[in-house]
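The residues of the chain are indexed from 1 along the displayed sequence. Please read all numbers here as calculations on a predicted model, not as lab measurements.
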Amino acid sequence: MPDLDLSAYSRDLVADVQATADAERTTTPEAFTRKVLDDLEEAGIAANTFTAYHMAHGHLVHGYGVGESGECLDLFVTDFHLDPLESKLSKSDTETSFRRLLTFIRRCRDGLRRDIDPSFDVYDMCTAVEKALTEVRRIRLFLLSNRVSTGAAVPPTDFNDLPVTHEVWDLARLHRHATSGSVSEPIVVAFDPPLPCVSAPSSDPDHSVTMAVLPGQRLASLYGEYGPRLLELNVRSFLQARGAVNRGIRDTLLNAPGKFLAYNNGITATAAKVEFVHGPDGRPTGISRVHGMQVVNGGQTTASLHYAESRDKADLSNVSVQMKLTEVSPERLPEIVPLISEYSNTQNRVTVVDFSSNHVYHVAVQQITRSLWAPATDGSGQETHWFYERARGQYTDAVAQARTPARQRAFKTLNPPRLKFTKADLAKYVNSWNQLPFQVSRGAQKNFSAFMARINEVPPHVNVQYCQRAIAMGVLFRAVDRVAASHEAGSYKSMITTYTLARLSLATNCRIDLDRIWREQTISPALETAIDDLCPRVMRVVTSPREGNHVGEWAKKIACWDAVSKIRWAVPRSLEEELREDPLDEEALAGGTGVREGASDEVAAVPADEWYAVEQWAKETRNLEPSQRQLAEFVGRRLELGQEIPEPQAVQALHVRNEALSLGFTPSP
């Protein structure tokens with residue numbers, strides 16, 4: 001890894017953290033911790049994470065999390081420096097940090113919560129840790145640092161008979177993760193002794209297939225260690241034991257484990273590389289190591305094995321699972337894996353789309369946003385792009401491709417880091433607007449999966465207007481987030497933000513003028529005042545869980561949204577005057593779910609002179625974007641020449657004209 005790349009990444013990271021801390025009125029360690037935890041959640045490495053700082057003699061902690069299955073407790077400690085390259089993260093620093101986390105766990109076990117004010121988020125953390133120690137099967141300790149580590153890996157230990165592992169996420173690892181372009185670090189599985197196999201010859205250089213029989217205990221332990229990461233390329237998530245197929249799997253494991261191989265279809269897995277041991281004739285006879293393993297079909301089987309062993313105490317010693325392992329060249333993974341998963345699926349009907357970065361929806365959003373100029377609002381006249389990062393590391397890669405420092409500065413001027421947003425961000429913005437805050441509160445991965453399921457069910461027509469309004473939702477979401485920070489929402493800020501925005505969307509019936517937010521790239525004073533009044537009301541409900549729930553668990557429940565939706569709050573008159581007449585529902589966000597029939601005829605019914613007048617008015621008033629002015633001129637010229645207007649341009653032209661009319665343009669009689 002070039003030092004220059006690491007240095008540039010380090011500077012950008014510190015600047016980003018400082019800007020976030022300033023905007024959210026929090027500390028830089030808190031902002032850094034939240035940023036890394038969001039990345040770990042998005043990658044499926046951690047789940048249900050919360051920031052909560054507590055320090056006392058002998059212990060230090062910055063956050064915690066309990067895995068999706070409730071079987072793993074995660075504790076996080078942060079080491080953040082404004083000048084991280086001036087010193088290294090030494091072995092002594094690392095050992096001290098992990099020792100402090102273990103001390104915190106010990107004190108939680110001994111009742112530390114009794115010494116904490118119940119109104120503090122630290123109290124929830126202590127309570128959650130104390131409870132988790134009686135339920136989880138393992139503990140993971142994370143050290144998050146923006147310095148480069150010089151120490152070796154810390155070996156596993158144990159606490160009260162629970163295995164404890166240690167993970168150091170230092171600057172180098174964060175940089176590698178940010179620029180990898182993949183969802184998360186590849187899973188490497190070693191088999192000792194080698195797993196007997198039969199390798200089928202292939203004439204296709206892009207892939208090869210190997211058949212093997214995998215011990216059920218080993219597959220269950222892989223899911224226990226990696227969780228949803230093992231299924232990242234799977235087209236669906238684990239459906240628990242509700243469906244007939246999963247109940248059948250569970251019944252077989254409990255009542256006839258020896259027949260599992262005969263009854264079950266097995267799994268289909270992919271790998272970036274497979275290492276073999278070979279027989280005397282040179283043919284592969286066993287699998288010694290698999291790099292980048294992913295279960296693309298048979299996720300139900302994999303997760304069911306794990307839960308049958310952990311929850312039902314099933315004996316898996318006599319369980320075997322057949323495995324078809326396909327080695328695929330990394331550059332072909334996005335193309336081949338969905339097809340393998342689709343064609344090999346013989347268990348549950350596929351009902352959820354492949355959530356990869358190459359989904360047509362995300363490709364369309366990227367294509368449009370790359371050429372979509374956001375209006376300049378700071379008086380500089382410099383228009384910018386909102387950079388949609390549909391694949392991890394795209395922004396960093398784009399900066400690196402600029403090569404020279406001068407070109408990199410120019411790129412960042414046109415694509416400011418503060419205007420970067422990811423797939424998980426987009427899902428968060430849209431689902432909050434659509435009044436699904438309980439879904440957003442379930443974490444980045446689950447919310448993204450739900451978002452994509454909705455996209456697949458009712459595919460939106462992704463056009464310029466759709467992207468503008470989606471970004472406006474992001475501007476609104478970030479504004480609400482800043483207000484929540486000003487009310488000292490603390491580690492609950494993400495939940496307070498999504499619930500406040502959802503309640504605002506409900507109260508206004510989705511009539512907030514997203515087009516105005518896009519044009520101004522900020523919210524109006526009336527809207528900000530309304531949010532400031534609404535936010536603390538929402539916060540009181542969200543942070544007062546019912547039925548003995550922890551705040552984090554309460555926010556995931558529909559009952560929490562029911563309670564928030566019943567908050568007595570009326571839209572202030574000053575904001576009411578700014579609202580649209582009609583709501584912006586999902587169909588209206590893009591002017592419909594597809595290209596409007598007859599749009600060309602509607603455009604042709606407007607005289608060419610009027611389109612020229614729209615362009616001239618927009619130039620004089622600067623109310624429309626340059627691309628919109630150019631479109632009006634394009635339409636006028638084609639009509640003047642007697643040429644037809646293509647339907648896609650006609651749809652956008654009608655939107656431009658309607659927007660001009662709403663902003664004061666008056667056609668000549």
Side-chain angles (χ1 to χ4, degrees), residues 29-30 32-41 43-81 88-110 112-113 121-122 124-174 177 184-185 221 224-227 229 491 552:
E30 156 78 13
F32 174 71
T33 303
R34 187 65 266 164
K35 174 180 173 56
V36 177
L37 293 188
D38 286 345
D39 288 343
L40 295 182
E41 282 210 31
I45 296 169
N48 298 322
T49 60
F50 301 93
T51 56
Y53 170 77
H54 193 247
M55 182 179 70
H57 180 68
H59 77 247
L60 175 65
V61 63
H62 287 84
Y64 69 103
V66 179
E68 292 289 355
S69 63
E71 298 177 6
C72 178
L73 170 65
D74 296 332
L75 272 299
F76 305 91
V77 62
T78 291
D79 170 81
F80 181 79
H81 292 255
K88 302 288 188 180
L89 180 65
S90 67
K91 178 182 178 181
S92 175
D93 294 333
T94 300
E95 291 175 344
T96 298
S97 295
F98 285 135
R99 188 166 57 249
R100 287 174 171 171
L101 282 180
L102 274 176
T103 300
F104 174 73
I105 295 174
R106 188 177 301 110
R107 290 177 177 171
C108 285
R109 178 200 62 188
D110 296 337
L112 177 61
R113 64 181 172 83
D121 51 13
V122 174
D124 283 336
M125 175 170 63
C126 295
T127 302
V129 172
E130 182 180 344
K131 181 174 183 288
L133 290 175
T134 65
E135 301 173 348
V136 300
R137 302 181 67 191
R138 58 195 177 100
I139 298 172
R140 295 188 301 176
L141 305 182
F142 289 78
L143 170 55
L144 315 178
S145 176
N146 68 330
R147 293 192 292 171
V148 175
S149 173
T150 60
V154 179
T157 56
D158 64 84
F159 178 85
N160 283 9
D161 297 327
L162 293 174
V164 178
T165 57
H166 308 80
E167 292 206 30
V168 177
W169 283 77
D170 68 339
L171 181 67
R173 190 174 183 183
L174 291 171
H177 181 68
S184 58
E185 293 188 330
S221 67
E225 182 175 358
Y226 297 108
R229 286 183 60 201
S491 61

Could you go step by step and tell me if F32 and L37 meet the side-chain contact (heavy atoms from CB on, under 4.5 Å) rule? CA-CA 9 Å; F32 174 71; L37 293 188; over 6 Å; no
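- Of the possible donor and acceptor atoms, one in the side chain of H166 sits under 3.5 Å from a partner among the backbone N and O of P155.
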Verdict with reasoning, T127 to V129, per side-chain contact (heavy atoms from CB on, under 4.5 Å): CA-CA 6 Å; T127 302; V129 172; over 6 Å; no
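- F159 places a side-chain heavy atom less than 4.5 Å from the side chain of I105.
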Given side chain to side chain donor-acceptor pair (under 3.5 Å), test T33 with T51 step by step and report yes or no. CA-CA 7 Å; T33 303; T51 56; over 6 Å; no
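- For S97, there are no side chain to side chain donor-acceptor pair (under 3.5 Å) partners two or more places apart in sequence or in a different chain.
- In this structure the side chain of E30 never reaches within 4.5 angstrom of the side chain of T78, judged on heavy atoms.
- Residue pairs meeting the salt bridge (charged side-chain N to carboxylate O under 4.0 Å, His left out) criterion with at least one partner in residues 93-106, sequence neighbours excluded, are D93-R147.
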CA sep, side-chain torsions, deciding dist, call: L112, H54, side-chain contact (heavy atoms from CB on, under 4.5 Å): CA-CA 11 Å; L112 177 61; H54 193 247; 4.3 Å; yes
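- Proximity of a side-chain donor or acceptor of H62 to a complementary backbone N or O of Y53 within less than 3.5 Å is not detected.
- In this structure E41 satisfies the side chain to side chain donor-acceptor pair (under 3.5 Å) test together with T49, sequence neighbours excluded.
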Could you walk me through whether L101 and L60 pass side-chain contact (heavy atoms from CB on, under 4.5 Å), step by step? CA-CA 6 Å; L101 282 180; L60 175 65; over 6 Å; no
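- Scanning for salt bridge (charged side-chain N to carboxylate O under 4.0 Å, His left out) contacts around K35 gives D16, with sequence neighbours left out.
- Annotation: side chain of V168 is in contact with side chain of L89 (closest heavy-atom distance under 4.5 Å).
- Within the 6.0 Å centre-distance limit, the rings of Y64 and F50 are counted as a close aromatic pair.
- Residues in residues 148-160 take part in these side chain to side chain donor-acceptor pair (under 3.5 Å) pairs, two or more places apart or across chains: R109-N160.
- With sequence neighbours excluded, the residues that form a ring-ring contact (aromatic ring centres under 6.0 Å, His included) with F104 are H59.
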Between side-chain atoms of residues 133-144 and protein atoms elsewhere (two or more places apart, or another chain), which donor-acceptor pairs fall under 3.5 Å?
{"from": "T134", "atom 1": "OG1", "to": "K131", "atom 2": "O", "distance (Å)": "2.6"}
{"from": "E135", "atom 1": "OE1", "to": "K131", "atom 2": "NZ", "distance (Å)": "3.3"}
{"from": "E135", "atom 1": "OE2", "to": "K131", "atom 2": "NZ", "distance (Å)": "2.9"}
{"from": "R138", "atom 1": "NE", "to": "G224", "atom 2": "O", "distance (Å)": "3.3"}
{"from": "R138", "atom 1": "NH2", "to": "G224", "atom 2": "O", "distance (Å)": "2.3"}
{"from": "R138", "atom 1": "NH2", "to": "E225", "atom 2": "O", "distance (Å)": "3.4"}
{"from": "R140", "atom 1": "NE", "to": "D74", "atom 2": "OD1", "distance (Å)": "2.8"}
{"from": "R140", "atom 1": "NH1", "to": "I45", "atom 2": "O", "distance (Å)": "3.3"}
{"from": "R140", "atom 1": "NH2", "to": "I45", "atom 2": "O", "distance (Å)": "2.8"}
{"from": "R140", "atom 1": "NH2", "to": "D74", "atom 2": "OD1", "distance (Å)": "3.4"}
{"from": "R140", "atom 1": "NH2", "to": "D74", "atom 2": "OD2", "distance (Å)": "2.9"}

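- Taking the side chain to side chain contact (heavy atoms under 4.5 Å, CB included) definition, one finds that V148 meets it with L6, K88, D170, L171, sequence neighbours left out.
- Pairing each heavy atom of C108 with each of C126, the nearest pair is SG-CA, 3.9 Å.
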